[in-house]
Structure formats: C-alpha cells, structure tokens
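For this chain, numbers begin at 1 and follow the sequence in order.
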Amino acid sequence: MVLVITEPIKSQSKTVCVIGAGPSGLVSARELKKEGHKVVVMEQNHDVGGQWLYQPNVDEEDTLGKTKTLKVHSSVYSSLRLASPREVMGFSDFPFIAKEGRDSRRFPGHEELWLYLKDFCQVFGLREMIRFNVRVEFVGMVNEDDDDDDVKKWMVKSVKKSGEVMEEVFDAVVVASGHYSYPRLPTIKGMDLWKRKQLHSHIYRVPEPFCDEVVVVVGCSMSGQDISIELVEVAKEVHLSTKSLDIPPGLSKVIEKHQNLHLHPQIESLEEDGRVIFEDGSCIVADTILYCTGYEYKFPFLESKGRVEIDDNRVGPLFEHTFSPSLSPFLSFVGIPRKLIGFPFFESQAKWIAKLLSGKTSLPSSDQMMQSISDFYLGREADGIPKRNTHDIADFNYSDKYADYIGFPHLEEWRKVLCLSAILNSIENLETYRDSWDDDDLLQETLQDPYFTQLSIPSV
C-alpha cells in the first residue's frame, strides 16, 4: 500500500501533556522539548522511572489488581535482572554503560536501569518539566464537535497527592503510562470460590512469604520462570502450570535439577477445599496460586468517545501502534508495542510525534491510516496471531520500517545480533544466561563501536 503524505500542519510551538515519566515518557519529553514545544509531564509517583521505580510496599494493593485504580504502578520484584544485555538497551545518543560504584553486570538488576533513567533525566534537563505525585484522572477533547482538526484541544484533569484538583487545556497529549501494571487474569472454574491465597505477580516482591508452602505458578512467561526458580529455594513445592508442556530446554534443565519443581498442564478447576485439578486429571492441594499471566492495556483516564478502544488487549485503531487516525497527531501513544528493543523504538516514536506537532512532517490521510491498520490486522490474522497479541512485534525489521517515517537511524546490526544471542542463550540456559555467555568476541568488538567510544556522555 502506498501512503500519500498530506501537507504539514502550520509550524508552531504546542503545549503538550505527557502522561508518565517512565522510559517512554522521558524520551518523549526530551524530543518535544528539542522541537520547541512547551511540555508538562505528569507522574503519579515521587520520582522518574515508571516500572523501574521499585515499590516494595504492596500491602494496600488488591492481590489480583481488580480495582479501577491501582495503588502500585510497578510490577518489578526485588531480584529482577534485565533479560537483555545492557549494551543493546540504551537510547541512540545515551549508551547504558557500566559506571564505577554501581551494578556493572552485563545483565544488571532493576535499580541500575532506574539509575540510568535518572541520569538521562538529569543530563537532558527533564526534571523541571515533571510534576511528581500527580495522578491524571481525565483526558478528553475540549472541542470534540469541531470539524477543524488543526484546533483540537485536550482537557487534562489531574489530582495532586494533597487532593488539589487541576484542570488544564493542552494542544496535544502523549500517553506514555505503560502497560505492565493492570493484571490480566485467566478464567478458571472455581476461581472465585477458592478460599486460599491468590495473587498476581504484579504484587510479588520477595519469596520469603511463601516459605514451606505449596505454590502453583500459573503461566510460563519470563516472570513465571524467574519467580518459580526463586520460589523453589523456600517453598515446599512449586507447581508450574503452562499452556504447553513443550517447554524450552533451559526450563527442562531447571525442573530436572529441583525435585520440588513440577510441570503441569493448564488448570481445569479450583475446589473449595484447596485442591487444584489440572487438565490431565492430576491434583494437588495448594496454599497459594500465583498468576504470572501478563497484563492488560488500560487507560482509565482517557475519554475518546469510542475513537480509541481496547478489545481483547488490542488498543485501536492505532496507525503504527501510535496514532488514532481521527485524533492524530494531537493524541498519541508511546510504548505500546512489545517484544522489540524498547528504548530506541520509543525514541523513534517520540521524534515522529514531536516533528508532527511542530509541522516538520505529516501523516497520511485518516482514510489511508485506517486502510493501513485494516491491512495490518488482516495480516496478523492470516499469520494466526491472536488479537490479544496484536502489539507483540518480535521483528527487528519493523523497528527499521518505523524509523524510515522520520529518517531515524535503523537499529545497528550489533544490537540485533547481541539481542538475538541473549534470547537463544536464555532458551538453552535459563538459570545461567545472565552470567555466562558465548558471544564475548562480538561483545568486545561492539564496545569499540563509535556509539560507545565517541559519544560525549556528560558526567552525572
């Protein structure tokens, strides 16, 4: 499909509200600032980082996250280490390098990435744009019936921690609020009647509360595997329930190593007496069920009059996972796609949005964007990809295609190769891949790239 670009909008500075000060929100703020826009970032927590701002206290959160508004944003657990090597993760002009006195491991703990984001914030002077401890309650069009697309404005209602309510009008809103907070739960017969402990991994932090328990971990995602490996050291038994018993070699090695770690198919039903019955007819009595079943996209503050909706975890319609055809470029989303090298991609999204709002580029027509979205949906369906996985990309080429919209550099070949190498190593060596790898020659060659040797990174 050939997309015809319409004339750019009139170049001028816009007032822009960015919702969230995590990685996608911070890089959005930087790019908008560089383009001369007036930016306000609203962040519900006391510091930057989004998911990477660790929140150890989860006592006030609903164990299954069934409330409209969550009290805890981060789903990071205490022992979490990055699944990708640090060298592939940095923004295009700000390498994620090891610093003296900090966690210098190639796959560091979560705090190191949070500190990287704090450094990024400080170096580029972003903190002055951020309002902390402010929760966005409502975002809606001020002039929704106005046919003049060039004058759409947005009402943003926010609440300070003190309870003070603010209502402000912005030219544009960038939603960068993340999507790893609201639990996605399975539907299991008897789930509502099971009286013992049930929780989602959103509020899992440390293994000690599960000491000597029989724990069922539902879901074989990265967090499900990580948490199961951690729990076997303290729990009496850990039973991992998964959709497919055809598991990666690395997980098989872990199960063979630990006598108290058992693999099961999906759960058939939960019984009031504590029994957990699996689809193969096997049964155990459990103390706790821990759901590592992923997260829902939710934007409880957004009122778009049906122009952006969530259907089985598909946010849409969105052109290139970023723009609502009928509301672009004044409403945009950064950070929705999953299973890609995140930070450089968020940066390319932010650059596109910033240049659109300043008039340096334009989008295809609304009809063309809708046709592109329809073609994308049909392609995913033809490939057998469920609707709930619409935003799972798993394709380096997509990042390059996206970059071409604004002339952003393609992903460096070394990023792709090192990322793929880590994935393959994790499949084979689940317990050890973060500390032992066989791509050291490539790593040393990569570290001689101008990205690491010539970029001038201010000291923090």
Minimal non-hydrogen separation, Ser366 against Ser326, with atom names: OG-N, 4.3 Å
Counterpart residues, side-chain contact (heavy atoms from CB on, under 4.5 Å), relative to Glu309 (two or more places apart): none
Test side-chain contact (heavy atoms from CB on, under 4.5 Å) applied to Asp62 - qualifying residues, sequence neighbours left out: Leu64, Lys66, Thr67
Contacts of Asp103 that satisfy side chain to side chain donor-acceptor pair (under 3.5 Å) - sequence neighbours left out: Arg105
Closest approach of Ser324 to Leu318 (non-hydrogen atoms, all atoms of both residues): N-CD2, 3.7 Å
Gln55 and His73, any side-chain heavy atoms less than 4.5 Å apart: yes
Set of salt bridge (Lys or Arg N to Asp or Glu O under 4.0 Å) partners for Asp47, sequence neighbours left out: Lys118, Arg127
Tyr297 and Phe299 aromatic ring geometry - parallel, tilted or perpendicular at 30°/60° bounds: tilted
Distance-only side-chain donor-acceptor flag, Tyr405 / Gln349, under 3.5 Å: no
Between Tyr204 and Ser223, a side-chain donor and acceptor under 3.5 Å: no
Residues in side-chain contact (heavy atoms from CB on, under 4.5 Å) contact with Tyr180, at least two apart in sequence or another chain: Gln51, Tyr295, Arg338
Mutual orientation of the aromatic rings belonging to Trp352 and Phe323 [parallel < 30°, tilted 30-60°, perpendicular > 60°]: perpendicular
Min side-chain heavy-atom separation Val156-Val136 under 4.5 Å: yes
Expected output: side-chain Trp52 to main-chain Glu112 donor-acceptor under 3.5 Å: no
Value rounded to 0.5 Å, distance of CD1 in Ile229 from NE2 in His258: 7.0 Å
Heavy atoms from other residues, nucleotides or ligands near CD of Glu60 exceed 12 (cutoff 6.0 Å): no
Flag if over 12 foreign heavy atoms under 6.0 Å of NZ, Lys339: no
Trace of the ring pair (Phe, Tyr, Trp, His ring centres under 6.0 Å) decision for Phe345 with His321: CA-CA 11 Å; Phe345 185 80; His321 309 272; 7.7 Å; no
Non-neighbouring partners of His410 that pass side-chain contact (heavy atoms from CB on, under 4.5 Å), sequence neighbours left out: Asp400, Ala403, Asp404
Validation row: Leu418, Arg106 side chains within 4.5 angstrom (heavy atoms): yes
Within-4.5 Å side-chain heavy-atom neighbours: Val41 and Leu126: no
Distance (rounded to the nearest 0.5 Å) between Leu263 CG and Ser252 OG: 8.0 Å
Under 3.5 Å donor-acceptor, Asp395 side chain and Asn397 backbone: yes
Results of salt bridge (Lys or Arg N to Asp or Glu O under 4.0 Å) for Lys387 - residues two or more places apart only: Asp311
Verdict with reasoning, His46 to Lys161, per side chain to side chain contact (heavy atoms under 4.5 Å, CB included): CA-CA 10 Å; His46 67 279; Lys161 203 169 186 179; 6.0 Å; no
Distance in Å, Arg380 CZ paired with Arg314 CZ, rounded so as to fall on 0.5 Å steps: 9.0 Å
Spacing of NZ belonging to Lys157 relative to CD belonging to Glu137, to within rounding of 0.5 Å: 7.0 Å
Closest heavy-atom pair and its distance - Pro207, Val234: O-CG2, 3.5 Å
Residues which pass side chain to side chain donor-acceptor pair (under 3.5 Å) with Lys189, listed by chain and number, not counting sequence neighbours: none
Non-hydrogen side-chain atoms of Arg135 and Thr69 separated by less than 4.5 Å: yes
From CD (Glu268) to CZ (Phe278), nearest 0.5 Å: 11.5 Å
Over 12 foreign heavy atoms within 6.0 Å of CD, Glu381: no
Under 3.5 Å donor-acceptor, Glu279 side chain and Pro265 backbone: no
Under 3.5 Å donor-acceptor, Tyr433 side chain and Ile423 backbone: no
Smallest separation among heavy atoms of Pro344 and Phe408, with atom names: O-CE2, 3.6 Å
Residue pairs fulfilling salt bridge (charged side-chain N to carboxylate O under 4.0 Å, His left out) with at least one residue in residues 171-187, sequence neighbours excluded: Lys153-Asp171, Arg184-Glu296, Arg184-Asp312
Glu347 side chain vs Ser92 backbone, donor-acceptor pair below 3.5 Å: yes
Partners meeting ring-ring contact (aromatic ring centres under 6.0 Å, His included) with Phe96 (sequence neighbours left out): Tyr116
Pair Ser365-Asp367, side-chain donor/acceptor within less than 3.5 Å: no
Heavy-atom closest pair, residues Ala235 and Val238: CB-CG2, 3.9 Å
Glu230: salt bridge (Lys or Arg N to Asp or Glu O under 4.0 Å) partners, not counting sequence neighbours: none
Under 3.5 Å donor-acceptor, Ser28 side chain and Ser24 backbone: yes
N/O donor-acceptor pair under 3.5 Å between Glu272 side chain and Gly274 backbone: no
Parallel, tilted or perpendicular, as decided by the 30° and 60° cut-offs, for the rings of Phe346 and Phe343: tilted
Backbone N/O of Thr322 and side chain of Ser332: donor-acceptor pair under 3.5 Å: no
Side-chain donor/acceptor of Glu43 to backbone N/O of Ile130, under 3.5 Å: no
Exercise: identify the closest heavy-atom pair between His110 and Ser78: NE2-O, 3.1 Å
Partner residues of Arg275 under the salt bridge (Lys or Arg N to Asp or Glu O under 4.0 Å) criterion, sequence neighbours left out: Asp273
pair Tyr54-Glu111: side-chain heavy atoms closer than 4.5 Å: no
His264 versus Ser241, side-chain donor and acceptor atoms under 3.5 Å: no
Lys71 atom NZ, over 12 foreign heavy atoms within 6.0 Å: no
Side-chain heavy atoms of Trp437 within contact of Ser421, under 4.5 Å: no
Main-chain N/O of Phe124 paired to Arg30 side chain as donor or acceptor, under 3.5 Å: no
Rounded distance [0.5 Å steps], CG in Leu117 versus CG in Leu26: 6.0 Å
Within 45° cone and under 6.0 Å: Lys14 NZ/CZ vs Phe330 ring: no
Close side-chain approach of Glu213 to Arg196, heavy-atom, < 4.5 Å: no
